[in-house]
Amino acid sequence: MKNKKELETLRHSASHIMAAAVCGLFPEVKIAIGPSIEDGFYYDFYKTESFTPEDLPRIEEKMREIIKANYPFICKTMKKDEAIKEFKESGEKFKAEIAEGIEGDTVNIYQCGAFSDLCRGPHINSTGEVKFFKLLSVAGAYWRGDSSKEKMQRIYGTAFFSQEELDAYLLQIEEAKKRDHRKLGKDLDFFSICDEVGGGLVLWHPKGALVRDIIERYWKDFHLKNGYELLSTPHIASEELYSISGHLQTYSENMYAPMEIEGKPYRIKPMNCPGHLMIYKTKLHSYKELPIRYAELGSVYRFERSGVLHGLLRARGFTQDDGHVIVAPEMLEEEMLKIFNLAVEMLKTFGFSEYEICLATRPENKFVGEIASWEAAQKSIESTLQKTQYKYEIDEGGGAFYGPKIDIKIKDSLGRSWQCSTIQFDFNLPERFDIYYIDENGKRARPYMIHRALLGSLERFFGVLLEHYSGALPLWLSPIQTVICNINDEQTEYCKDLLEKFKQNGIRASFDGRNEKIGHKIREIAMQKVPYIVVAGNKEKDSGAVSARARGNKDLGAMPINAFIEKIKKEEADKM
RNA sequence: GCCGAGGUGGCUCAGUGGUAGAGCACCUCCUUGGUAAGGAGGCGGUCGUGGGUUCAAUUCCCACCCUCGGCUCCA
């Protein structure tokens with residue numbers, strides 16, 4: 001197994017080979033940049049006509065020629081001025097612009113065969129080392145990611161050190177497509193999004209709404225057990241509120257237009273925090289009450305540009321599992337640790353045990369509060385993280401303008417990571433809302449405030465859950481835990497009694513009494529990913545038993561009714 | 001928002017300058033069958049919307065809307 005650095009070098013070199021192939025096939029293109037990325041590489045080209053997917057095999061073919069020729073990668077150091085002059089003369093204005101931005105007097109040019117490119121390197125020794133690669137897709141992009149600048153054509157590809165790794169990756173892409181939560185949502189009849197309601201606005205069907213309700217109940221119970229108080233705040237609020245919070249000034253491009261009610265402008269809620277702070281402000285608070293922990297499954301609406309909507313993962317209306325903790329400065333560290341542990345406990349319950357944890361610190365320029373307070377807060381967050389067993393990275397300057405934060409990304413069963421939990425420190429709102437508590441000396445003191453979401457949003461989390469489990473939700477989250485099937489009409493009454501018994505024991509069950517062959521019913525129910533199928537024919541009826549079959553074709557054989565009920569109840573209790 | 005690809009019955013998708021087809025689903029009938037599709041018949045679409053070209057447009061052209069893949073952004 002080669003290390004990450006070597007893989008990046010391989011992929012980066014593959015992007016050069018691709019650029020060489022493209023320049024060979026399309027002499028009119030100008031080249032821009034071609035980095036390695038998490039799963040492969042890309043290269044941006046300037047070309048008036050778009051590439052089509054049909055171009056990819058031609059480019060791959062050309063790449064194979066270059067690889068076969070086994071050109072060495074030769075690094076030449078040039079005077080920067082000369083390089084810029086050369087790029088300008090050959091019309092490579094993007095390369096010239098990149099060179100101009102490089103510090104120092106010299107730049108490196110890497111050459112392989114007839115193709116040369118401004119590049120920091122490093123590269124592999126020769127093109128022949130790239131053996132296992134595939135071009136994946138074409139896409140539009142912009143020079144420097146700015147849509148007012150030139151439109152580029154981006155080609156994505158990937159490369160590995162072995163055919164096995166490449167095949168595994170391509171298989172994973174296929175598997176990810178099959179697991180797409182939008183497809184699963186439709187196939188399993190969980191939710192839909194329709195034009196008449198509008199993009200990014202989710203309709204929850206009975207089964208999806210039931211799963212959501214199971215999640216919500218667990219979540220509420222979990223928070224009540226852990227010292228939180230549940231709140232509920234309105235979906236619209238006077239603009240005045242968002243003027244106090246500052247959202248009107250800093251967040252208005254994500255807010256929906258105002259509506260006028262009795263001459264006063266109102267807005268749809270984009271954030272829950274202002275409402276929570278208004279609740280805090282309705283009375284005086286003693287230091288003895290702190291920390292005060294408020295939580296709400298708060299639905300918010302944010303304007304997202306149409307191009308970015310993506311099923312449940314990026315919607316316009318969504319429900320945050322929001323919480324705000326008001327804490328005295330000296331309690332901050334302890335409370336941060338508590339929240340972190342809650343997040344991990346909850347994520348584990350849902351079956352996510354691998355995380356990427358990130359501490360995002362003060363942005364370079366735009367921020368509120370004193371630098372000294374930021375540093376103190378960051379220090380306390382870091383000390384919190386050090387007390388946990390988890391590794392974390394520091395995202396320098398990645399914090400919000402109002403405070404540093406911890407983000408927890410979860411890794412799903414395909415190794416993809418998703419941002420869910422976030423714990424954010426806030427220097428801004430306590431000031432803006434002028435919230436305070438009365439300290440030991442009877443004086444007003446400014447508390448700290450922490451925003452936290454453990455799941456992120458119910459919509460996104462549900463989408464991630466669906467993809468993680470490929471729709472086969474654990475029993476405790478399955479909207480239908482078992483379907484009872486009869487063989488023929490002789491067992492209909494017996495099956496109805498079973499259904500009643502299951503329901504009385506809190507099992508989410510249904511009865512498929514259709515006049516269909518058992519194989520047909522099994523097939524349909526199995527495709528709906530129901531955890532258990534119970535078959536009751538005359539054999540079972542006569543012996544007071546059920547024949548059970550677990551998801552994944554596992555025949556459990558016949559067992560007494562109560563044995564089956566106990567089995568389900570145990571799995572439910574263990575959150576399996 | 002920008003670039004690209006698409007919008008055909010509830011779903012998945014064929015197809016065509018002469019106003020449409022399959023499979024699944026649905027309905028009816030036959031079938032009562034022991035672990036991933038029993039059989040027959042039937043209902044169902046002004047082919048995303050609005051213009052244009054044409055004797056004739058679902059098909060060609062233009063605009064718009066929406067979806068998808070990206071860019072950017074984000075819970």
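Here is the naming used below: chain letters follow the sequence lines, and residue numbers restart at 1 for every chain. This is a predicted model, so every value here is computed, not measured.
Checked against salt bridge (charged side-chain N to carboxylate O under 4.0 Å, His left out), Glu490(A) has no partners two or more places apart in sequence or in another chain. Taking Lys567(A) as the reference, Tyr532(A), Leu556(A), Glu571(A) meet the side-chain contact (heavy atoms from CB on, under 4.5 Å) condition, with sequence neighbours excluded. Not counting sequence neighbours, the partners of Asp44(A) by the salt bridge (charged side-chain N to carboxylate O under 4.0 Å, His left out) test are Arg154(A). Remark: Lys348(A) pairs with no residue by the salt bridge (charged side-chain N to carboxylate O under 4.0 Å, His left out) rule, at least two apart or across chains. By the salt bridge (charged side-chain N to carboxylate O under 4.0 Å, His left out) test, Glu396(A) is found to be paired with no residue, residues two or more places apart in sequence or in another chain being considered.
Rounded to whole Å, the C1' atom of A14(B) lies 29 Å from the corresponding atom of C55(B). One P atom belongs to U32(B), the other to G39(B), and the distance between them is 15 Å to the nearest Å. Rounded to whole Å, the separation between the C1' atoms of U19(B) and G6(B) comes to 23 Å.
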Give every pair of a protein N or O atom and an N or O atom of nucleotides 43-46 of chain B that lie under 3.5 Å apart, one pair per line with the distance.
none

Polar atoms only, N or O, under 3.5 Å: list the protein pairs with nucleotides 72-75 of chain B and their distances.
from	atom 1	to	atom 2	distance (Å)
U72(B)	O2	Arg305(A)	NH2	2.6
C73(B)	O2	Arg314(A)	NH1	2.3
C73(B)	O2	Arg314(A)	NH2	2.4
C73(B)	N3	Arg314(A)	NH1	3.0
C74(B)	O2	Arg460(A)	NH2	3.0
A75(B)	N6	Glu304(A)	OE2	3.4
A75(B)	N6	Ala315(A)	N	3.4
A75(B)	N6	Ala315(A)	O	2.7
A75(B)	N1	Ala315(A)	N	3.2
A75(B)	N3	Ser457(A)	OG	3.2

Below 3.5 Å between N/O atoms, which protein atoms pair up with nucleotides 10-14 of chain B? Just atom names and distances, please.
from	atom 1	to	atom 2	distance (Å)
U12(B)	OP1	Lys186(A)	NZ	2.8

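To the nearest angstrom, P of C26(B) lies 13 Å from CG of Asp189(A). Between His310(A) atom NE2 and C71(B) atom P there is a gap of 12 Å when expressed in whole angstrom units.
Here the CD atom belonging to Glu540(A) is positioned 11.0 Å from the CE atom belonging to Met559(A), to the nearest 0.5 angstrom.
Among the heavy atoms of the strands lying under 4.0 Å from Tyr156(A) are primed sugar atoms or P, OP1, OP2 only; no base atom is included. Within 4.0 Å (heavy atoms only), Ala526(A) reaches at least one base atom of the nucleic acid. If you check every strand for non-hydrogen atoms under 4.0 Å, Met152(A) touches nothing. Within 4.0 Å of Ile518(A), counting heavy atoms only, lie sugar-phosphate atoms of the nucleic acid but no base atom.
Across residues 534-542 of chain A, Val535(A), Gly537(A), Asn538(A), Lys539(A), Glu540(A) each have a non-hydrogen atom less than 4.0 Å from an atom of RNA chain B (numbered order). Against RNA chain B, the stretch residues 543-560 of chain A makes heavy-atom approaches under 4.0 Å through Ser547(A), Arg549(A), Asn553(A).
Comment: Glu459(A) does not engage Arg302(A) in a salt bridge, judged by the lack of any side-chain N to carboxylate O separation of less than 4.0 angstrom. A salt bridge between Asp407(A) and Lys409(A) is absent, with no side-chain N of the basic residue lying under 4.0 Å from a carboxylate O of the acidic one.
Taking the nucleotide of RNA chain B with the nearest heavy atom to each of Phe303(A) and Leu309(A), the more 5' of the two is matched to Phe303(A).
For the strand RNA chain B, secondary-structure stems (runs of at least three Watson-Crick or G-U pairs, all distances below 3.5 Å) span B:1-7 with B:65-71, B:10-13 with B:21-24, B:26-30 with B:38-42, B:48-52 with B:60-64.
Relative to the six-membered ring of Phe367(A), Arg362(A) meets both conditions, a distance below 6.0 Å and an angle of at most 45° to the axis.
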Quick one: side chains of residues 522-530 of chain A, donor-acceptor pairs under 3.5 Å with protein atoms, not counting sequence neighbours, listed by atom name and distance.
from	atom 1	to	atom 2	distance (Å)
Glu524(A)	OE1	Arg514(A)	NH1	3.1
Glu524(A)	OE1	Arg514(A)	NH2	2.9
Glu524(A)	OE2	His520(A)	NE2	3.3
Gln528(A)	OE1	Lys207(A)	NZ	2.7
Gln528(A)	NE2	Asp187(A)	O	3.1
Lys529(A)	NZ	Ser470(A)	O	2.8

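At the phosphate of G38(B), OP1 or OP2 sits under 4.0 Å from a side-chain N or O atom of His520(A).
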